[in-house]
2 protein chains.
Amino acid sequence: MSIETLSRKDQINQVAQNLFREKGYSATSMRDLAKAIGIEAASLYSHIKSKEELLQNICFRIAAEFFDEYDRVQNGNADPKLRFRHAVTAHTRVVASNLDASSVFFNEWRHLNEPSLSEFKAQRAAYEDRFKNLLKEGIEAGVFRKVQVSFAMRLVFSTLNGIPTWYRNDGALSPDQIAEQIADFLLEGLLKK
Amino acid sequence: MSIETLSRKDQINQVAQNLFREKGYSATSMRDLAKAIGIEAASLYSHIKSKEELLQNICFRIAAEFFDEYDRVQNGNADPKLRFRHAVTAHTRVVASNLDASSVFFNEWRHLNEPSLSEFKAQRAAYEDRFKNLLKEGIEAGVFRKVQVSFAMRLVFSTLNGIPTWYRNDGALSPDQIAEQIADFLLEGLLKK
DNA sequence: TATCTTTGCTAACGAACGTTAGTTTAAACA
DNA sequence: TGTTTAAACTAACGTTCGTTAGCAAAGATA
């Protein structure tokens, strides 16, 4: 969907995602946002309630995408290695296909106020727990090395959540391609066997 | 060195590191900073030139630490695997021992103005090149899998630069300990061999 | 065409921003 | 002790902030 066919409200959300990512939430003024769209700052308020509402929408929409994509690829039948791979590739695809929103999700969530802030943290913790369980199952099945589950989960998410710092979705590598390569990297490591 | 024995200027830098990390550079006001120290905002300017000078000092001091620690552990004699391990553990130690400054270095550098911004990017690129070369040597020596060097470097730094999002230097795990474990993770991967 | 609703505008509010000027206090030194 | 210097203070500057009020234009509906 090109940007011209979006409703103004959707357009505001999309441009806000991009500006919040590039400049940060606090350093992005409503006048910056309005100017990027081509209207006056006050006109934004015909479509949105507040600046923070924009941040909330961005953070919780992409959070829902993470959950949805995870649930879609976890049918519960596969072995631990494959289930972990599916989770990693699902997460990677969501990030790589939504670079602006993901960046905001990873870096700007702290500017949420209560009660959104607590809700955000709760959802994130629940999502992280799913990956911890996958790691635990892999270790118990003897497929993964005996690493600390919580520690490994943090390293995995560090790797995945850094994607927006370097990946450009410009056709050179598709989201699906980097998803598979990142899964290989996490599972196999750098060393040749 | 406890915070009481610091010069006021060093104290300002230290508190600024912490606030810039916790709230972000733009969301941290000079009044916030002054209040955390226990003086008035205007009094800060007896010791510093500007808010941006604080950011510059933080970013370039930790950048120098990265280079220094890298150079210290690279004597050039070791094999590719060990040289890579030394680079990773050196980087990790600097991050884990300077969580506030590292966070600012990773996340707030974009608020630098020219010419500091270009200088920052140049230094970072030079540092990243050292890791790319280590990866290239490891692949050519047949020790590392044949991955894209630039891609692997990005994944490595994503893993390392995410440390401040989860690590607390509270004695449970020392910087040296996580450095070794992270190096294992990057080299060996999750799968049991 | 007449009416209603949506979407934009200009103007402005009160608050917070980084920073400067000018002054007072405290510390260091003669 | 008297003098100099460093480091704090109060007050305020011009700017920008998110947001609101009130009004005009444009589009949809009757």
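Each chain gets a letter, A, B and so on, in the order its sequence line appears, and its residues count up from 1.
Residue contacts for B:Ser29: at a heavy-atom cut-off of 4.0 Å it reaches the sugar-phosphate backbone alone, with no base atom in range. Using a 4.0 Å heavy-atom distance criterion, B:Thr28 is classed as a sugar-phosphate-only contact. Using a 4.0 Å heavy-atom distance criterion, A:Arg31 is classed as a base contact.
Atom NZ of B:Lys23 has more than 12 heavy atoms from other residues, nucleotides or ligands within 6.0 Å.
Of the side-chain N and O atoms in B:Ser46, none sit less than 4.0 angstrom from OP1 or OP2 of D:dA6. For A:Arg8, no side-chain nitrogen or oxygen approaches OP1 or OP2 of C:dT6 to under 4.0 Å. The shortest distance between the side-chain N/O atoms of A:Ser43 and the OP1/OP2 oxygens of C:dT7 is not below 4.0 Å.
The nearest whole Å value for the distance from the CG atom in A:Leu44 to the P atom in C:dT10 is 14 Å. Going from atom NZ of B:Lys51 over to atom P of C:dT20 covers 15 Å, rounded to whole Å. The interatomic distance linking A:Lys35 (NZ) with C:dG8 (C1') rounds to 18 Å, in whole Å. Atoms CD1 (A:Ile39) and P (D:dA26) sit 16 Å apart, rounded to a whole Å. Distance NZ (A:Lys49) to C1' (D:dT20): 15 Å, rounded to an integer number of Å. A straight line from NZ of A:Lys9 to C1' of C:dT7 spans 14 Å, rounded to a whole angstrom. The CD atom of B:Glu40 sits 15 Å away from the P atom of C:dA16 (whole-angstrom rounding). Taking atom CE on A:Met30 and atom P on C:dA12, their separation rounds to 21 Å, with Å as the unit.
The residue among B:Ala42 and B:Asp32 whose nearest nucleotide of DNA chain C lies closer to the 5′ end is B:Asp32.
B:Gln56 and B:Glu52 are linked by a side-chain donor-acceptor pair at a separation below 3.5 angstrom, with hydrogens and angles left out of the test. In this structure, a donor-acceptor pair under 3.5 Å is absent between the side chains of B:His86 and B:Tyr70. Between the side chains of B:Asp100 and B:Ser103, no donor N or O sits under 3.5 Å from an acceptor N or O.
Closest approach to the B:His47 side chain among D:dA8, D:dG18, C:dG18 is made by D:dA8 (side chain taken as heavy atoms from C-beta onward). Looking at the side chain of A:Tyr45, the nearest of the listed nucleotides D:dG18, C:dT10, D:dA8 is D:dG18.
Contact check for A:Tyr25 versus A:Arg110: no side-chain heavy atoms found under the 4.5 Å cut-off.
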